[in-house]
Amino acid sequence: MVQTSRAVSRGSEEAVGKAVMEQFVEGTNPLKILAARTPGLSFSSGDALGLDAWSSSLYMRGFFWDRLGMTLDGVPLNDQSYNTISGLNVSQAIITDDIGFMSVSQGGGAVDVPSNTNLGGAIRFVSDDPADKMGGKLSQVFGSNSSFRTYGRFDTGAMNRTGTKMYLAYARSDTQKWKGYGNQLGQQAEAKLVQPVNNASKVSAFMNWSNNSQWGYADQSLEILNNLGWRTEYFYPDYATAYHVAQGTYLPPGYDKITGQEPWSVSLYDGGQHQVSYLGALNLDFEMTDHLRWQTNFYGNSEVLYTTYGDPWQPSATGAPFSEQVWESREVRYGMTSAVRYDIARNSLNSGIWLENNNQESGQYFFNEPLLGQGAPLKTIGPYNTYGPAFLTSYDFKWTTNTFQYFLADTYHVLKNLDIHAGFRSMIVSTSGGANYNNTDYTGEAALANGSMTAASAFLPNVSANWRFLPGHELYFDVAENMRGYTVAPWGSGSLWGVQNQDAFKTLQHSVKPEKDWVYLVGYRYTSPVVTASLDGYHADVRHRLQQATEGTLNFPITTMVDTGSISMYGMDAGLTFRPFRGLSIYNSVSYNHSTYGRDLVEPDAVYAMKGKKVVNFPQVMYKASLSYAWRGAEAHIDANYYSKRYFSYVNDTSVPAYWLVTLGAKYHFGDYGPLKNLSLGFNVYNLLNTKYISMMGENGNPLSGDYQSLERGAVRQFFGTVSASF
């Protein structure tokens, strides 16, 4: 169903195909798979498969996933971070089983990538095409904590003489949290239709529906972990204890030792999210002549997300000492990309545009919880109006963001073994709007942020070259300038609209500049049937990096937008895959990253010595190793990843320790039995050594100094078994 040649790494691009993806538990977040076998990528999550939205994150050479470019079949996914209203996470955009291959470009990212977030590279996902022959696949995963995942796909095969074909797929994942109580249920359904046109053209349509209801994991601080232990969690389903703690009439043992925050705010009643999204795309891919190809994408994406937790700072109107706080976010975006490629003589000329309109909304609401003993409490996944409509609305924001991008590039084939690429893109990202409702009694502000911001650049160049100087040997370099649009959010995430009030926004509106960078990359790759080796060195100069710095409490944070001035980044990645004989593959990679802030933060009452300090949340050193072996119908693999110390605060006075994470997997293919083809049984162990480690960092922002309740613990040892077959 997928040409294996398309999953071969070339130059600065790393590719991961089906063979690697099938070694992981079915349904694993594709970004987690990609990071496990790609130097320079760091993926973390609070659960074993990387599906918990709140506790997941990805870094690429020091760039967070809200500063990367990502596409699915050419459709821009934009910002991947939690609670985003500027994009769609890939785990909600496509079922992992239906991804044909993934590729990573860790230079500046090609100019033809449609993205208003790309600063540090691009990741492309390509979906499977429907099979030419009628058939399908069924699989069932069982695992720890009552994990249960079902996947089914049906391919129609060619339905007529013109070759019309399609597939329908459905996946359902349900698991209990590995600590605390509550389940995490995710469902996805999708379809893809392909209509060939002649021999070298086609029209395809893709549609995906995703519905996630997740009871989340509680945020931790270093103080909580050190004093209360690594299994501190929400009180749910113990409503009575949460009730008395919120009243201030009871504290669990050890809670009086917490000094960095109110002891009663250490653990809340519950927290989680409910998300529903739709993605549709129509792709036209036509060979106009022997030298001219035209590709156009039309797409639409809508999403509604409810983020919730039991709020002890806001009592219910019923008299209960806490309420259910709900952030309701929505986005509806439409867009199109269109590009042509013209091959003439030794040149491949490319030019195209990208247009997108995104309508975004986010508000904060409070719903009543019952008095103790007078009814069942609300559920963090909804419905939230069991005890009537919201009794309090604190604010509501609305924005419209329009993006326009144009690119022009030429690849000049100097020799058969030497290519030089040069091009540029022009981009405008304009956002207008902000607060359209403000409850002054709650916010304490006369006016919240409202206004327009535009990030624009007429010339963002990219120059690269690839020289295949001997069979299997490549030298390459890549230089690019990139720009990122402003983050759109009512709070956190480095958003200008998340500052305290309108006056603060007005001050920043006339002084803040869009984030830009120059990225330089030089590398070498050797490819043969026995050995694949690569070595990259890179440098990035980041300008006007906006970061969210947070103090105070989760409910009443004091948020500062920190313009870190410049960030200087140096690093190297080295990878080696050795295949001494058929069936055995040994992979090793090591990455080093040195990223530092360029200026101190000067506040009216304090100076924070950030200059020269390491960038937060990203390890300086990563080591990845994998050993896989296949013999006849059996195969097995073991992966070991090392992550060095990561700094937590901007002044680097707090950090989390280094850790090793080991996973193990095995699979046996029994062959064909009657109508069942390739009947297989798999077994996987996550966190084989049962390591205690911090996964996600800074989900509520990073502290300027000291500690803050903004950490997530990674999952303990987990076991998974899989039965699958085709037909």
Side-chain angles (χ1 to χ4, degrees), residues 46 54-55 177 179-182 215-273 307-327 364-380 384 387 390-392 394 441-444 491-492 550-559 654 699-701 703 706-713:
W54 176 244
S55 66
K177 291 169 56 179
K179 66 168 181 164
Y181 294 88
W215 299 75
Y217 294 95
D219 301 308
Q220 310 295 329
S221 66
L222 296 172
E223 186 181 34
I224 291 173
L225 294 171
N226 293 332
N227 287 282
L228 301 181
W230 285 67
R231 282 193 173 264
T232 306
E233 192 48 45
Y234 290 122
F235 287 120
Y236 176 83
D238 190 349
Y239 188 72
T241 296
Y243 197 96
H244 294 308
V245 170
Q247 277 183 321
T249 58
Y250 170 73
L251 280 180
Y255 277 52
D256 57 342
K257 297 179 181 179
I258 304 299
T259 61
Q261 62 191 96
E262 303 94 333
W264 48 267
S265 70
V266 169
S267 187
L268 311 178
Y269 172 59
D270 62 5
Q273 63 126 14
T307 305
T308 74
Y309 70 82
D311 183 354
W313 292 273
Q314 179 60 58
S316 293
T318 59
F322 60 88
S323 58
E324 193 72 13
Q325 181 178 152
V326 179
W327 282 282
Q364 186 184 54
Y365 308 90
F366 295 86
F367 293 84
N368 283 310
E369 291 282 13
L371 292 171
L372 190 61
Q374 296 188 16
L378 302 181
K379 293 183 178 181
T380 196
Y384 309 109
Y387 298 99
F391 70 89
L392 173 64
S394 56
D441 292 335
Y442 181 85
T443 65
W491 61 279
T550 311
E551 298 176 309
T553 65
L554 289 181
N555 196 61
F556 295 105
I558 301 172
T559 301
T654 51
E699 66 271 16
N700 294 309
D707 199 4
Y708 190 59
Q709 195 172 357
S710 193
L711 299 169
E712 292 280 349
R713 182 194 171 179

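In this text the structure is predicted, and so the values were computed from the model without any measurement.
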### Task
Please examine the side chains of Pro252 and Val245, heavy atoms only from C-beta on, and report whether any two atoms are closer than 4.5 Å.
yes
## Note on the structure
Ser316 and Phe367 have their tightest heavy-atom pair at OG-O, 4.0 Å
### Query
Tyr239 and Tyr269: aromatic ring centres closer than 6.0 Å?
yes
#### Entry: Other residues, nucleotides, ligands: >12 heavy atoms within 6.0 Å of Tyr250 OH
yes
### Task
Check each of Tyr217, Tyr181, Trp215 against Tyr236 using the ring pair (Phe, Tyr, Trp, His ring centres under 6.0 Å) test, and report the only one that passes.
Trp215
### Message
Tell me if a side-chain donor or acceptor on Ser267 pairs with a main-chain N or O of Glu233 at a distance below 3.5 Å.
### Response
yes
### Message
Test of understanding: with salt bridge (charged side-chain N to carboxylate O under 4.0 Å, His left out), list the residues that count as partners of Lys379, not counting sequence neighbours.
### Response
none
### Task
Ignoring hydrogens and angles, tell me if any N or O in the side chain of Thr654 forms a donor-acceptor pair with the backbone of Gly706 under 3.5 Å.
yes
### Query
Gly46 and Ser55: which non-hydrogen atoms are nearest, and at how many Å?
N-OG, 2.8 Å
### Task
Please name all residues satisfying salt bridge (charged side-chain N to carboxylate O under 4.0 Å, His left out) with Glu223, sequence neighbours left out, ordered by chain then number.
none
### Query
Cut-off 3.5 Å, side chains only: do Trp313 and Gln325 have a donor facing an acceptor?
no
#### Entry: Closest heavy-atom pair and its distance - Phe391, Gln314
CE1-NE2, 4.0 Å
### Task
Dump the intermediate steps for side-chain contact (heavy atoms from CB on, under 4.5 Å) on Glu712 and Asp219, then the final yes or no.
CA-CA 6 Å; Glu712 292 280 349; Asp219 301 308; 3.2 Å; yes
### Task
First locate atom CG of Asp270, then atom OG1 of Thr308, and finally report the distance between them rounded to the nearest 0.5 Å.
6.0 Å
#### Entry: Ring-ring centroid check Phe366 Tyr442, cutoff 6.0 Å
yes
### Query
Could you give the distance from CG (Leu372) to CD (Gln247), rounded to the nearest 0.5 Å?
8.0 Å
### Query
From Asp256 CG over to Leu251 CG, what is the distance, rounded to the nearest 0.5 angstrom?
7.0 Å
### Task
With the side chain counted from C-beta on, respond yes when Arg713 and Thr232 share a heavy-atom pair under 4.5 Å apart, and no when they do not.
no
### For the student: nearest non-hydrogen atoms of Pro312 and Ala246, plus distance
CB-CB, 4.2 Å
### Query
Do the side chain of Asp311 and the main chain of Ser323 share a donor and acceptor less than 3.5 angstrom apart?
no
### Query
Is there a donor-acceptor pair under 3.5 Å between the side chain of Glu699 and the backbone N or O of Trp54?
no
### Task
Output the distance between atom CD (Gln709) and atom CD1 (Ile258), rounded to the nearest 0.5 Å.
9.0 Å
### Query
Just how far is it from atom OH of Tyr387 to atom CD of Gln374, taken to the nearest 0.5 Å?
9.5 Å
### Task
Please report the closest heavy-atom contact between Asn700 and Tyr708, naming both atoms and the distance.
O-CE2, 3.7 Å
### Message
When you measure from the side chain of Ser710 to the backbone of Gly701, do you find a donor-acceptor pair of N or O atoms at a distance under 3.5 Å?
### Response
yes
### Trace of the side-chain contact (heavy atoms from CB on, under 4.5 Å) decision for Gln220 with Leu228
CA-CA 10 Å; Gln220 310 295 329; Leu228 301 181; over 6 Å; no
### Summary
Rounded to the nearest 0.5 Å, the CG atom of Leu268 sits from the CD atom of Glu324 at a distance of 9.5 Å
